[in-house]
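Fair warning: this is a prediction, and the values are worked out from it, not measured in the lab. The first residue in the sequence is number 1, and the count goes up from there. FYI, side chains are in, hydrogens and waters are out, and symmetry mates aren't considered; it's all heavy atoms of this structure.
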Amino acid sequence: MKYNRCGKSGLLLPEISLGLWHNFGSVDNFENAESIAVEAFDKGITHFDLANNYGPVPGSAETNFGKILWHNFQGNLRDEIIISTKAGYTMWDGPYGDWGSRKYLLSSLDQSLKRMKVDYVDIFYSHRPDPETPIEETMMALDYAVRSGKALYVGISNYSAEQTRVAVDVLKQLGTPCLIHQAKYSMLQRWVEDGLLDVLEEKGVGCIAFSPLAQGLLTDKYLNGIPENSRAHNPNGHLKEDEVTVERIQKLIQLNEIAQNRNQSLAQMALAWLQKDKRITSVLIGASSVRQLNNNIECLQNLEFTADELNAIERILS
């Protein structure tokens, strides 16, 4: 595992980080989740990414991760891992359980620390911008999280390029630099290329890509349509059936041919493709099993692309 400097900070993050968005909630098998986390650490993944509402039920991923920490990462091992969590989406009912107020963010952080049974997190994020709360208030809450010792660094997620510029400038004025931006980025979702990555490079902020496999679309699972056990087939999933179009499947088939010629799976190539841009500090993967985790980590065995491969990929995606 290689570790990349996060922006202009002193913090190094692994090329691959593990997200606990799925498969770590109270509805999931705890022993499987624990095995995934331990295997990830053994393979050099030191960064574990959570949010207050991860589950289901909301909060249960943090609770389960706290148990995993207690079982496997006692003593000095806590000093060898990076834990991040976020607040910004709906967590509890009422006026104080959503968006970006100082009240919500700091209350949520306290709850997260209690669920995980830790004294601090390494990175605390504003999970999304709040159109009704001044960005200065949200950033002041992040600044306070660091000054109170409850977070070592802060970041933002899902902010536009212009919102990011403002947020980073406010945090700099407060004396707590913005460490990182967590953005949705994949071969099929490339909005970050329209200005955001430029702002992050200019400001010296790292970037970690989430949903790098487009909720499973960039795997071999959908090459022949929608299988019954897939996220697209699940009416409660984040990937909808109408996103798996005939045209998109044709693109996936062509991309898969390039991946096979590289001796990679489509998923491995999609993960490697993101890392060609040096502004990407880390790529955030999920995993439903140890086997899937290790298959994804194997993308690191071939990160180089020829100009012909990149051009062919661009023609398919366009």
Side-chain angles (χ1 to χ4, degrees), residues 1-4 12-25 27-50 54 61 64-65 67-69 71-73 77 80-84 182 184-188 208-224 227 229-232 237-239 252 255-277 280-305 309:
M1 184 67 64
K2 178 186 172 187
Y3 300 86
N4 297 321
L12 299 173
L13 292 181
E15 291 176 295
I16 298 289
S17 298
L18 181 65
L20 279 65
W21 184 12
H22 301 290
N23 306 308
F24 284 79
V27 302
D28 300 300
N29 181 282
F30 176 79
E31 288 73 22
N32 181 58
E34 185 172 41
S35 296
I36 293 169
V38 171
E39 178 72 9
F41 182 75
D42 288 345
K43 290 295 173 65
I45 293 178
T46 54
H47 179 207
F48 299 89
D49 181 75
L50 299 106
Y54 287 178
N64 280 339
F65 187 64
K67 294 176 182 177
I68 292 170
L69 288 174
H71 291 166
N72 303 278
F73 296 96
L77 283 179
E80 297 185 29
I81 62 174
I82 300 294
I83 303 171
S84 60
Q182 187 171 135
K184 191 174 187 178
Y185 186 25
S186 71
M187 284 181 163
L188 302 179
I208 182 168
F210 77 89
S211 290
L213 302 180
Q215 290 296 301
L217 259 181
L218 288 166
T219 68
D220 56 12
K221 184 176 291 185
Y222 295 95
L223 297 178
N224 297 308
N229 64 340
S230 65
R231 288 183 182 176
H238 290 273
L239 179 64
L252 297 177
L255 290 171
N256 189 55
E257 291 177 359
I258 297 176
Q260 289 180 329
N261 289 332
R262 289 170 49 83
N263 294 316
Q264 287 183 315
S265 68
L266 176 55
Q268 289 167 348
M269 184 180 77
L271 295 172
W273 181 85
L274 285 171
Q275 297 184 63
K276 73 185 187 308
D277 192 322
I280 301 299
T281 309
S282 184
V283 176
L284 192 58
I285 65 169
S288 59
S289 67
V290 168
R291 180 174 177 272
Q292 185 184 62
L293 171 78
N294 285 323
N295 282 340
N296 286 338
I297 292 174
E298 286 178 10
C299 76
L300 300 176
Q301 296 177 10
N302 186 9
L303 296 177
E304 300 299 322
F305 288 84
E309 287 173 334

Can you find a side-chain donor-acceptor pair between S84 and D49 that sits under 3.5 Å? yes

Report yes if some heavy atom in the side chain of C299 is under 4.5 Å from a heavy atom in the side chain of I16; otherwise report no. yes

Using the rule given for side chain to side chain contact (heavy atoms under 4.5 Å, CB included), can you reason through L300 versus K2, listing the C-alpha separation, both sets of side-chain angles and the distance that settles it, and then say yes or no? CA-CA 9 Å; L300 300 176; K2 178 186 172 187; over 6 Å; no

Do N4 side-chain atoms and E15 backbone N/O form a donor-acceptor pair below 3.5 Å? no

Is there a donor-acceptor contact under 3.5 Å from the side chain of N32 to the main chain of S288? yes

Distance col, row I83:CD1 vs L50:CG, nearest 0.5 angstrom, shows 8.0 Å

Separation between OG1 (T219) and CG (N256), nearest 0.5 Å, reads 9.5 Å

Check L18, L12, I208 against H47 for a side-chain contact (heavy atoms from CB on, under 4.5 Å) and give me the one that passes. I208

What verdict does the side chain to side chain contact (heavy atoms under 4.5 Å, CB included) test give for L293 and I285, after you've listed the backbone C-alpha separation in whole Å, the side-chain angles of each residue and the deciding distance to 0.1 Å? CA-CA 8 Å; L293 171 78; I285 65 169; 3.9 Å; yes

Could you grab the distance from atom CG of L69 to atom CD of E34, nearest 0.5 Å is fine? 10.0 Å

Is any side-chain heavy atom of F24 less than 4.5 Å from a side-chain heavy atom of I68? yes

If you take all heavy atoms of E309 and E304, which pair is closest and at what distance? OE1-O, 4.1 Å

Side chain to side chain contact (heavy atoms under 4.5 Å, CB included) assessment of M269 paired with F305: CA-CA 10 Å; M269 184 180 77; F305 288 84; 3.9 Å; yes

With distance as the sole test, does Y3 use its side chain to make a donor-acceptor pair with the main-chain N or O of G44 at under 3.5 Å? yes

Side chain proximity check, F41 to N72, heavy atoms < 4.5 angstrom: no

Kindly say whether N302 contributes a backbone atom to a donor-acceptor pair with the side chain of Q264 at under 3.5 angstrom? yes

Once the angle between the rings of F48 and F65 is folded into 0 to 90°, is it parallel (under 30°), tilted (30 to 60°) or perpendicular (over 60°)? tilted

Is Q268 reaching over with its side chain to a backbone N or O of N295, donor-acceptor style, under 3.5 angstrom? yes

Just do the side chain to side chain contact (heavy atoms under 4.5 Å, CB included) check on Q215 and H22 with the steps written out, would you? CA-CA 11 Å; Q215 290 296 301; H22 301 290; 3.8 Å; yes

Is there a side-chain contact between L218 and L255 in this structure, where contact means two heavy atoms from C-beta onward sitting under 4.5 Å apart? yes

Judged by atom type as modelled, is there a donor-acceptor pair below 3.5 Å linking the side chain of S282 to the main-chain atoms of P14? yes

A61 backbone acceptor or donor facing N64 side chain under 3.5 Å: no

